[in-house]
Amino acid sequence: YQTLVREVSDSLHLRRFCLLPLTQRVPDESTVRKLVRRLGPEVVAELTRVVIGKAQRETRFAARAVRIDSTVVEADIRYPSDGVLAWQGARALAREGRKLAGRLRGPTVRVVDRSRRIGKLVRAISRTLARRTSQGTGEVLALNAKAGRAMARSVHEARALAAQARAAARGRGARAKLRAARRLEDLADRCQRVATQIQQRQRGEKISDRLVSLADPDARPIRKGKPQHPTQFGYSLLLAEDERGFIADHQLQQGNPPDAPRLVPAVERVAQVTGRVAATVVGDRGFGTAANDRTLAERGVKRIGLQRKGTVSAARAALERTRAFRRLRNWRVGIEARISHLKRSFGLRRTRL
């Protein structure tokens, strides 16, 4: 909220959008924070829609030009590896198993804590990789397989304990027992996915939907071709910004979907919010396809600045060398600064949820 108040105080567009005159002081961040806490997220979202509708009717929020780009919102996890995931899974299963067993009466199934044994395997993997020999890959796969088998035994014990808790869930405290059993079963399912991934890797199979975190199961590995960050772990975020700096649309998705199919829906969502189709739409090479050009032209977009991938025809090359197209391309680069600003000032770089 401190960043929000500072940004609104320093922007003529945001002041006009929020109906704050230049002579009026922006409310303090503590006032905004207390109001949001008192009203709740649903009321704040409804107020935001009302403000946008009022600005739309008064033509203060009409996107004439839109630039679109995608980025990665990183998950709050460490760099994942199969052995470390198995070690974390065994430790978490034992911890949740102890909590659930404490709610039950009489003898219960014990979830053995195998994190110490798997931790020794993880350290052995580190020593093997440090040798940098040709035999290291096979040894690492064998050590990972041992860690996966050890965690699989913990998964079997956890599911047996959860079944025992469900059978004993009656009378006083039944709901708490069922909730604890459900948490343990969900954790066991995630750990089983890790064990399956280890087996697939040992067999040389391709893993299409890799689990990279037990605490954040929706995060996925994403490759954007950046030399400094070849692989990132998190979510793909699509942003649409108008000519004044308003984020008119944003969509957070799992994995790394292609950019081109998401362009036209984003333009249509911006039109729904602002009440008109933008006359100018620009994007990078990931959005540039002939189908997108035709669809945007049919929607009423007059100026389209989408570069194409690979080798293009002579006519297309001549079009991209024109002064008008180069101006659109240069304006598109500004959204990179907007993304950097959101990551540095508004916490978009890494999600803490």
Side-chain angles (χ1 to χ4, degrees), residues 7 11-14 17 61-73 222-229 232 235-253 256-346 348-349:
E7 292 289 331
S11 172
L12 295 177
H13 289 306
L14 292 177
F17 180 78
F61 192 63
R64 298 176 179 85
V66 175
R67 49 191 178 188
I68 301 175
D69 198 5
S70 62
T71 185
V72 176
V73 180
I222 298 175
R223 287 183 175 269
K224 285 288 187 180
K226 298 181 179 180
Q228 66 274 23
H229 300 293
Q232 296 172 285
Y235 307 86
S236 177
L237 177 67
L238 185 76
L239 291 176
E241 180 190 22
D242 71 354
E243 72 278 4
R244 294 168 300 173
F246 287 115
I247 302 298
D249 181 63
H250 66 282
Q251 294 291 321
L252 191 69
Q253 294 186 345
N256 189 20
D259 290 337
R262 297 192 287 171
L263 176 69
V264 176
V267 174
E268 292 176 347
R269 287 192 298 268
V270 173
Q272 292 176 0
V273 171
T274 61
R276 59 181 293 179
V277 177
T280 302
V281 174
V282 297
D284 60 10
R285 298 180 187 273
F287 300 97
T289 62
N292 280 342
D293 288 349
R294 288 193 302 268
T295 306
L296 291 178
E298 293 172 358
R299 297 292 194 276
V301 180
K302 299 177 181 178
R303 292 172 292 276
I304 303 173
L306 303 176
Q307 290 181 277
R308 300 285 178 82
K309 289 183 178 180
T311 304
V312 297
S313 62
R316 182 68 191 184
L319 174 64
E320 294 186 2
R321 284 196 298 267
T322 60
R323 183 177 181 182
F325 193 93
R326 285 189 283 113
R327 289 185 63 183
L328 295 177
R329 181 195 62 194
N330 295 340
W331 182 67
R332 184 211 69 81
V333 179
I335 196 172
E336 303 289 351
R338 174 65 60 188
I339 291 174
S340 177
H341 178 59
L342 292 174
K343 289 189 175 184
R344 287 183 288 106
S345 300
F346 286 90
L348 192 69
R349 185 182 306 278

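Keep in mind that the numbers below use all heavy atoms, side chains included, and drop hydrogens, waters and symmetry copies.
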Query raised in the report: So do D249 and Q251 actually touch side chain to side chain, heavy atoms under 4.5 Å?
Result: yes
Query raised in the report: Cut-off 3.5 Å, side chains only: do R344 and S340 have a donor facing an acceptor?
Result: yes
**Report entry** Intermediate values then yes/no, side-chain contact (heavy atoms from CB on, under 4.5 Å), I247 and R338
**Finding:** CA-CA 9 Å; I247 302 298; R338 174 65 60 188; 4.1 Å; yes
Query - Residues S236 and N256: side-chain donor-acceptor under 3.5 angstrom - result: no
Query raised in the report: Between E320 and R316, is the closest basic N to carboxylate O distance under 4.0 Å?
Result: yes
Query - Verdict with reasoning, D293 to L306, per side-chain contact (heavy atoms from CB on, under 4.5 Å) - result: CA-CA 8 Å; D293 288 349; L306 303 176; 3.4 Å; yes
Report task. Not counting sequence neighbours, which residues clear side-chain contact (heavy atoms from CB on, under 4.5 Å) with V273? List them please. Result -> I52, F61
Requested in this report: Hey, can you tell me if F346 and H341 have their rings parallel, tilted or perpendicular (30° and 60° cut-offs)?
Outcome: perpendicular
Query raised in the report: Counting distance only, does the side-chain N/O of R332 pair as donor-acceptor with the main-chain N or O of R67 below 3.5 Å?
Result: no
Query - Derivation of the side-chain contact (heavy atoms from CB on, under 4.5 Å) call for Y235 and Q253 - result: CA-CA 6 Å; Y235 307 86; Q253 294 186 345; over 6 Å; no
Report task. State, yes or no, whether a side-chain contact exists between V267 and V66 at a heavy-atom distance under 4.5 Å. Result -> no
Requested in this report: Please tell me if the side chains of V282 and T280 come closer than 4.5 Å, counting only heavy atoms from C-beta onward.
Outcome: yes
Report task. Verify whether one side chain among T71 and K224 offers a donor that lies under 3.5 Å from an acceptor in the other. Result -> no
**Report entry** Taking every non-hydrogen atom, the tightest pair across A260 and N292
**Finding:** O-ND2, 3.2 Å
Requested in this report: Write down the atom of D242, the atom of A63, and the distance for their closest heavy-atom approach.
Outcome: CB-CB, 3.7 Å
